[in-house]
Amino acid sequence: LNFEIATPTNGDQDRTIDGLEFAVQHLFGESGFGAAANYTMVDSDLTYDNFDLNLIENQQALVGLSDSYNIIGFYEKFGVNARLAYNWRDEFLSATGQGTGRNPQYTEAYGQFDLNVSYELPMVEGLSVFLQGINITDEFNRVHGRSKTEVLRYTETGARWVVGASYKF
């Protein structure tokens, strides 16, 4: 009897992913103000070759790998918690197929500002009110194919705001 057995593997074992992360946080004395920042850089030989037009075999490419950084300013004192953050991510391969074969999708570099402010009400212990803003400067997200001129998706969701209250039992 002849048997064919297929077992999934992680691919070529000689591939590498290298990365470094730097982070710093500083409080400005007893003022309640502070800042934090981090930067992550990654590199790999598992990249997608846009010029390899072999549509039969998958390329060994790592999806979602990119550099990023965050810069945050915050205040925490007298029941007030406020945080303003800028988050940035470099372009990355987001998919190796578009539903029409082995055509790549790249999410272009983007950044956005997020805001979070809360206040613990002194008259009711455990009750706080908050305001959250995500993408408050209304940045867009763009996805392209093999070429930057091949726009696959352009998304502009607008700023998202949440106002609410929370209670800790």
Side-chain angles (χ1 to χ4, degrees), residues 8-12 15-26 33-76 80-119 128-166:
T9 65
N10 285 333
D12 188 353
R15 302 298 185 137
T16 61
I17 301 171
D18 298 313
L20 289 172
E21 182 173 13
F22 303 98
V24 63
Q25 180 172 326
H26 181 73
F33 287 98
N38 66 57
Y39 178 71
T40 302
M41 60 182 182
V42 291
D43 189 32
S44 174
D45 57 356
L46 291 165
T47 58
Y48 195 91
D49 181 3
N50 283 334
F51 299 104
D52 181 358
L53 299 178
N54 181 350
L55 300 179
I56 305 297
E57 296 180 20
N58 277 330
Q59 291 188 40
Q60 291 185 3
L62 190 56
V63 174
L65 190 67
S66 70
D67 296 349
S68 64
Y69 69 83
N70 304 291
I71 300 172
I72 303 161
F74 60 88
Y75 177 80
E76 295 179 357
V80 175
N81 294 304
R83 175 185 177 274
L84 177 64
Y86 180 73
N87 310 297
W88 178 84
R89 185 169 183 188
D90 201 2
E91 180 176 275
F92 62 94
L93 177 68
S94 47
T96 57
Q98 300 174 13
T100 59
R102 304 216 186 325
N103 294 307
Q105 293 183 41
Y106 294 94
T107 299
E108 293 184 6
Y110 65 92
Q112 70 181 41
F113 282 95
D114 298 330
L115 173 71
N116 190 350
V117 179
S118 66
Y119 178 64
S128 64
V129 293
F130 64 87
L131 169 70
Q132 292 178 337
I134 300 171
N135 192 18
I136 62 176
T137 54
D138 191 17
E139 301 299 325
F140 63 88
N141 183 283
R142 190 173 184 269
V143 176
H144 68 266
R146 290 183 194 274
S147 165
K148 286 190 184 277
T149 60
E150 181 189 354
V151 178
L152 301 174
R153 185 171 54 249
Y154 180 93
T155 307
E156 191 171 357
T157 61
R160 294 169 295 198
W161 294 95
V162 176
V163 176
S166 66

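Any value given below was found using the heavy atoms of this structure, including those in side chains, with hydrogens, waters and symmetry copies removed.
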**Student:** Say whether, by atom type as modelled, one donor and one acceptor occur between the side chain of Asp45 and the main chain of Thr16 under 3.5 angstrom.
**Tutor:**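 A pair under 3.5 Å: yes.
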**Student:** Report the residue from Leu65, Leu20, Asp90 that forms a side-chain contact (heavy atoms from CB on, under 4.5 Å) with Val42.
**Tutor:**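 The single option meeting the side-chain contact (heavy atoms from CB on, under 4.5 Å) with Val42 is Leu65.
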**Student:** How close do Gly64 and Phe92 get, heavy atom to heavy atom, and via which atoms?
**Tutor:**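 Closest heavy-atom pair between Gly64 and Phe92: CA-CD1, 3.6 Å.
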**Student:** Show, in sequence, the C-alpha distance, side-chain angles and deciding distance for Leu62 and Leu93, and conclude whether the side chain to side chain contact (heavy atoms under 4.5 Å, CB included) test is met.
**Tutor:** CA-CA 7 Å; Leu62 190 56; Leu93 177 68; over 6 Å; no
**Student:** Between Asn87 and Asn70, what is the shortest heavy-atom contact and its length?
**Tutor:**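 For Asn87 versus Asn70, the nearest heavy atoms are OD1-OD1, 2.7 Å.
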**Student:** Using 0.5 Å steps for rounding, measure from the CD atom of Glu21 to the OG atom of Ser68.
**Tutor:**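 Answer rounded to 0.5 Å: 7.5 Å.
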**Student:** How far does CZ of Arg142 sit from CG of Leu152, to the nearest 0.5 angstrom?
**Tutor:**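 Rounded to the nearest 0.5 Å, the CZ-CG separation comes out at 9.0 Å.
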**Student:** Can you tell me how far apart CG (Asn135) and CG (Leu115) are? Round to the nearest 0.5 Å.
**Tutor:**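 Rounded to the nearest 0.5 Å, the CG-CG separation comes to 12.5 Å.
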**Student:** Crowded around Tyr154 OH? As in, over 12 foreign heavy atoms under 6.0 Å?
**Tutor:**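 Enclosed.
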**Student:** Identify the residue among Glu150, Arg153, Glu108 that makes a side chain to side chain donor-acceptor pair (under 3.5 Å) with His144.
**Tutor:**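 Only one of Glu150, Arg153, Glu108 forms a side chain to side chain donor-acceptor pair (under 3.5 Å) with His144, namely Glu108.
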**Student:** Enter the distance from Asn38:CG to Phe22:CZ here, rounded to the nearest 0.5 Å.
**Tutor:**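 Rounded to the nearest 0.5 Å, the CG-CZ separation comes to 11.5 Å.
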**Student:** If we only count heavy atoms from C-beta on, is the Ile136 to Trp161 side-chain gap below 4.5 Å?
**Tutor:**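 Sidechains of Trp161 and Ile136: in contact.
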**Student:** Give the intermediate values and the outcome of side chain to side chain contact (heavy atoms under 4.5 Å, CB included) for residues Lys148 and Tyr106.
**Tutor:** CA-CA 9 Å; Lys148 286 190 184 277; Tyr106 294 94; over 6 Å; no
**Student:** Search all heavy atoms of Gln112 against all heavy atoms of Ile134 and return the closest pair with its distance.
**Tutor:**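 For Gln112 and Ile134, the tightest heavy-atom pair comes out as NE2-CG2, 3.7 Å.
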**Student:** How close do Ser66 and Glu91 get, counting heavy atoms only, and between which atoms?
**Tutor:**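 Here Ser66 and Glu91 meet closest at CB-O, 3.6 Å.
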**Student:** Return the orientation label for the Tyr69 and Tyr39 ring planes: parallel under 30°, perpendicular over 60°, tilted otherwise.
**Tutor:**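 Taking Tyr39 first and then Tyr69, their aromatic rings sit tilted (interplane angle of 30° to 60°).
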**Student:** Looking at CD of Glu76 and CG of Asn81, how far apart are the two atoms once the value is rounded to the nearest 0.5 Å?
**Tutor:**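 Answer for the CD-CG pair, Glu76 versus Asn81, is 5.0 Å.
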**Student:** Looking at Thr149, is its backbone amide N or carbonyl O close enough to the side chain of Ser147 to form a donor-acceptor pair, meaning the two atoms are under 3.5 Å apart?
**Tutor:**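 Yes; judged by distance alone, with no hydrogens or angles, the pair exists.
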**Student:** Measuring only between side-chain heavy atoms, which start at C-beta, is Glu139 closer than 4.5 Å to Phe113?
**Tutor:**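 The answer is no, as the side chains (C-beta and beyond) never meet within the 4.5 Å cut-off.
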**Student:** Considering all heavy atoms of both residues, which atom of Tyr48 and which atom of Pro104 are nearest to each other, and what is their separation?
**Tutor:**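 Closest pair (atom of Tyr48, atom of Pro104, distance): CE2-CG, 3.5 Å.
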**Student:** So which heavy atom on Val143 is nearest to which on Ser94, and how close?
**Tutor:**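 Result for this residue pair: CG1-OG, 4.4 Å.
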